[in-house]
Amino acid sequence: MSDCLFCSIAAGETAAMRVLESPRTIAFRDNSPQAPTHVLVIPKDHYADLAELAGAGAGLLEEVAAQAHQIAVAAGVDQAGYRVVFNTGPQAGQTVQHVHAHVLGGRVMTWPPG
Ligand code: 5GP
Ligand code: ZN
């Protein structure tokens, strides 16, 4: 999609601190980190939200989830624990309409989330 920020990052047209890539995903640091580790994993192709990603099939959602875990391993937070969040829709606070998994770690997480 031409006017999508994360499509632009996936295409290399907008700069981002990339940390990992798989055939169909890329991961980059959130530019407003909410934890010592805060990385976003996205599919390179455009899907608006979790419902569209789940509907894509062909293991794409699994690939995003596997990459989220690999981020946690690479950051050294997998043993202590980490959180993976898909904000989905306005009430959940989704602000970028290209599906992304937040991978958060490196500090104690509270529950319930705000
Ligand atoms: P959402 O609110 O949609 O769940 O998450 C969007 C995330 O994208 C936010 O955490 C925000 O900080 C991050 N973000 C927004 N614009 C940019 C950008 O240009 N570069 C990077 N690296 N992250 C961004
Ligand atoms: Zn997009």
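Just follow the structure's listing: the first ligand is 1, and inside any ligand the first atom is 1.
Note that CZ of Arg107 is 8.0 Å distant from CZ of Arg83, once rounded to the nearest 0.5 Å. The OG1 atom of Thr25 lies 8.0 Å from the CG atom of Leu60; values are rounded to the nearest 0.5 Å. Atom CD of Gln97 is separated from atom CZ of Phe6 by 10.0 Å, given to the nearest 0.5 angstrom. Asn87 contributes atom CG, which lies 11.0 Å from atom CG of Leu50 (distance to the nearest 0.5 angstrom). With rounding to the nearest 0.5 angstrom, the CZ atom of Phe28 is 8.5 Å from the CZ atom of Arg18.
Taking each heavy atom of His100 and His102 in turn, the nearest pair found is CD2-NE2, 3.5 Å. Here the shortest heavy-atom pairing between Ala27 and Val41 reads CB-CG2, 4.1 Å. When all heavy atoms of Ala75 and Thr37 are compared, the closest pair comes out as CB-OG1, 3.6 Å.
Between Gly93 and ligand 1 there is a heavy-atom distance shorter than 4.0 Å.
With a 4.0 Å cut-off on non-hydrogen atoms, Leu40 touches ligand 1 through its side chain and not its backbone. Contacts between His102 and ligand 1, counted as non-hydrogen atom pairs separated by less than 4.0 Å, involve the side chain only. Only the side chain of Leu5 comes within 4.0 Å of ligand 1, judged by heavy-atom distances. With a heavy-atom cut-off of 4.0 Å, His100 touches ligand 1 through its side chain alone. Counting heavy atoms under 4.0 Å from ligand 1, residue Phe6 touches it through the side chain alone.
Remark: the backbone N or O of Pro43 is not paired with any side-chain donor or acceptor of Glu63 at under 3.5 angstrom. Put simply, the side chain of Gln79 never gets that close to the backbone of Gly81: no donor and acceptor are under 3.5 Å apart. Side chain of Lys44 to main chain of Ala11: no donor-acceptor pair is present (N/O by atom type, distance under 3.5 Å, no hydrogens or angles).
The aromatic rings of His46 and His98 lie perpendicular to each other, with more than 60° between the two planes, well past the 30° mark.
Annotation: Arg24, atom CZ; neighbour count of heavy atoms from other residues, nucleotides and ligands within 6.0 Å is above 12.
For atom 22 (N) of ligand 1, the closest non-hydrogen atom on the protein side is Arg29 O, 2.8 Å. Taking atom 9 (C) of ligand 1 as the reference point, the nearest protein heavy-atom neighbour is Asp30 OD2, 3.3 Å. Taking atom 3 (O) of ligand 1 as the reference point, the nearest protein heavy-atom neighbour is Thr95 N, 2.7 Å. The nearest heavy-atom contact from the protein to atom 15 (C) of ligand 1 is Asn31 OD1, 4.0 Å.
Shown in contact with Gln94 at under 4.0 Å from a heavy atom are these atoms of ligand 1, numbered in order with element: 3 (O). Within ligand 1, counting atoms from 1 as listed, the ones closer than 4.0 Å to a heavy atom of Ser32 are 12 (O). For ligand 1 and Val96, the ligand atoms under 4.0 Å from any heavy atom of the residue are 3 (O), 6 (C).
Polar contact with ligand 1: absent for Phe28 (N/O pair, distance under 3.5 Å).
For a distance threshold of 2.8 Å, the protein N, O or S atoms nearer than that to the Zn ion (ligand 2), listed by chain and number, are Cys4 SG, Cys7 SG, His46 ND1, His98 ND1.
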